[in-house]
There are 2 protein chains.
Amino acid sequence: MYSPELIKGTLQTIVLSLLSENERMYGYEITQHVKDRTQGEIQLTEGALYPTLHKLEADGLLTTEKVSIGKRVRKYYRLTENGNKQANDKVNEFRRFSETMNDLLNSFTPNPELSWLS
Amino acid sequence: MYSPELIKGTLQTIVLSLLSENERMYGYEITQHVKDRTQGEIQLTEGALYPTLHKLEADGLLTTEKVSIGKRVRKYYRLTENGNKQANDKVNEFRRFSETMNDLLNSFTPNPELSWLS
DNA sequence: AAATATGCATAATATTCTTAAGTATAAGAT
DNA sequence: ATCTTATACTTAAGAATATTATGCATATTT
């Protein structure tokens, strides 16, 4: 697992991009999808995911539909047009950001013994 | 500029990696260095940077020395041994994370018109 | 029958950042 | 000379976002 600070700020990007590939998904499905696709390296917690989904819905980027599965109710999320635009923007931004960061860290070579260490 | 959430959690990584390349640096120098090297795409704010430097020092990852420049006092930061280890760890972690994320977003192709949009 | 998996929600807390204000010296422009 | 911008550090208030924990309930596996 990655230290949690790193994942911060990428949750919306992850959710929107997954919903761009899949017509509709529900919360639990999203957590499993991410876990599987990252070999367990990114595990979304419910306490972070659900509030985020609610916020994206409130912002008009997602719509919901409830579907009964037996006695349980599943809540599916689907992108709006605006949500799709945001998905494009967010994913592109992350890719640019990750390049910028890697450039910035590029001159860095792990060195266990720097001469000037105190 | 990137949306601030994205940069969250990378500040320590940035600071530690820069101090791994440069024997010692002071706060303002770090902000300028990052700004220059990222073409202004990442601009550290003082309100974020200085508390972080103080925390890293409190955690024993950095040491400080004050140097008088005329009437002003400049505070230089330098890695400790532990700080250097953390620098290695943090940079490696970010690189892995950025790969994981890019894999996760990989199947994503920007598409302005998904058939199922609501 | 018990344990695990599925499924959603929210409150309390912690972390980390933004924004803003305060303080002060140095350098460049008008 | 004076004003503006750059240099340089600090801290407080507030916002945003996540962690941790709790609660509730059904379904499946052992």
Side-chain angles (χ1 to χ4, degrees), chain A residues 1-16 18 24-36 40-59 61-77 86 90 94 97 101, chain B residues 1-16 24-36 40 42-59 61-62 64-77 90 94 97 101:
Chain A
M1 267 292 285
Y2 298 114
S3 52
E5 320 89 71
L6 259 193
I7 303 181
K8 284 193 187 193
T10 61
L11 218 178
Q12 287 196 12
T13 306
I14 291 172
V15 168
L16 291 171
L18 286 183
R24 61 179 199 177
M25 296 181 89
Y26 54 99
Y28 187 77
E29 190 183 11
I30 293 176
T31 65
Q32 298 309 302
H33 206 100
V34 170
K35 190 176 161 191
D36 291 349
E41 302 237 62
I42 298 180
Q43 297 196 36
L44 307 184
T45 59
E46 296 165 299
L49 178 61
Y50 288 113
T52 293
L53 286 170
H54 299 161
K55 190 187 183 310
L56 291 173
E57 186 186 5
D59 291 346
L61 304 180
L62 304 180
T63 56
T64 58
E65 49 189 315
K66 290 180 178 171
V67 176
S68 290
I69 306 292
K71 282 183 180 175
R72 274 212 297 245
V73 176
R74 213 180 253 173
K75 204 164 159 190
Y76 278 99
Y77 292 87
Q86 267 289 309
K90 286 273 192 187
F94 181 84
F97 172 69
M101 276 294 290
Chain B
M1 270 291 285
Y2 298 115
S3 53
E5 319 90 72
L6 258 194
I7 304 181
K8 283 195 186 192
T10 61
L11 218 179
Q12 287 197 11
T13 307
I14 291 172
V15 168
L16 291 171
R24 61 179 200 176
M25 296 182 90
Y26 53 97
Y28 187 76
E29 189 184 11
I30 293 176
T31 64
Q32 299 308 304
H33 205 100
V34 170
K35 190 175 160 191
D36 292 348
I42 298 181
Q43 297 196 36
L44 307 185
T45 60
E46 298 166 298
L49 178 61
Y50 288 112
T52 293
L53 287 170
H54 300 161
K55 190 186 184 309
L56 290 174
E57 188 187 3
D59 290 347
L61 304 180
L62 304 180
T64 59
E65 49 188 316
K66 289 181 180 171
V67 175
S68 289
I69 306 292
K71 283 183 181 174
R72 274 210 297 244
V73 176
R74 213 179 253 173
K75 204 165 160 190
Y76 279 99
Y77 291 87
K90 286 275 191 185
F94 181 84
F97 172 68
M101 276 295 290

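Computation of the quantities below employed the complete heavy-atom set of this structure, encompassing side-chain atoms and omitting hydrogens, waters and symmetry-equivalent molecules. Residue numbers begin at 1 in each chain, while the letters A, B, ... track the order of the sequences.
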Measuring from the side chain of A/Gln32 (C-beta onward, heavy atoms only), which nucleotide among C/dT6, C/dT10, D/dT10 has the closest atom? C/dT6
So, A/Glu5 and B/Lys90, do they make that salt bridge, N to O below 4.0 Å? yes
Pair A/Tyr28, A/Arg74 - check side chain to side chain contact (heavy atoms under 4.5 Å, CB included), show working. CA-CA 9 Å; A/Tyr28 187 77; A/Arg74 213 180 253 173; over 6 Å; no
Interatomic distance where [atom1] belongs to [X] and [atom2] belongs to [N] [whole Å]:
X: A/Glu29; N: C/dT6; atom1: CD; atom2: P; value: 12 Å
X: B/Leu53; N: D/dT11; atom1: CG; atom2: P; value: 12 Å
X: B/Ile30; N: D/dA8; atom1: CD1; atom2: C1'; value: 13 Å
X: A/Leu56; N: D/dA16; atom1: CG; atom2: P; value: 15 Å
X: A/Leu6; N: D/dA18; atom1: CG; atom2: P; value: 13 Å
X: B/Lys35; N: D/dA8; atom1: NZ; atom2: C1'; value: 15 Å

Minimum-distance pair of heavy atoms, taken over all atoms of [X] and [Y]:
X: B/Val73; Y: B/Ser68; result: CG2-OG, 4.2 Å
X: B/Leu44; Y: B/Thr31; result: O-CG2, 4.0 Å
X: B/Lys75; Y: B/Tyr26; result: O-CB, 3.1 Å
X: A/Pro51; Y: A/Glu46; result: CD-O, 3.7 Å

Flag the pair A/Leu53 / A/Thr64 as yes when at least one side-chain heavy-atom distance between them is below 4.5 Å, and no otherwise. no
4.5 Å side-chain heavy-atom contact, A/Thr10 and A/Ile42: no
Side-chain N or O of [X] less than 4.0 angstrom from OP1 or OP2 on [N]?
X: B/Tyr26; N: D/dA8; value: yes
X: B/Lys66; N: D/dC9; value: no
X: A/Tyr50; N: C/dC8; value: yes

With A/Tyr77, which of A/Thr63, A/Leu62, A/Leu18 fulfils side chain to side chain contact (heavy atoms under 4.5 Å, CB included)? A/Leu62
Could you list the protein-to-nucleotides 24-27 of chain C atom pairs, N/O on both sides, closer than 3.5 Å?
residue: C/dT25; atom: O2; partner: B/Arg72; partner atom: NH1; Å: 2.3
residue: C/dA26; atom: OP1; partner: B/Lys71; partner atom: N; Å: 3.3

When every nucleotide of nucleotides 16-21 of chain C is labelled 5' to 3' by its protein contacts under 4.0 Å (heavy atoms), B for base, S for sugar-phosphate only, - for none, what sequence of letters results? BSBB--
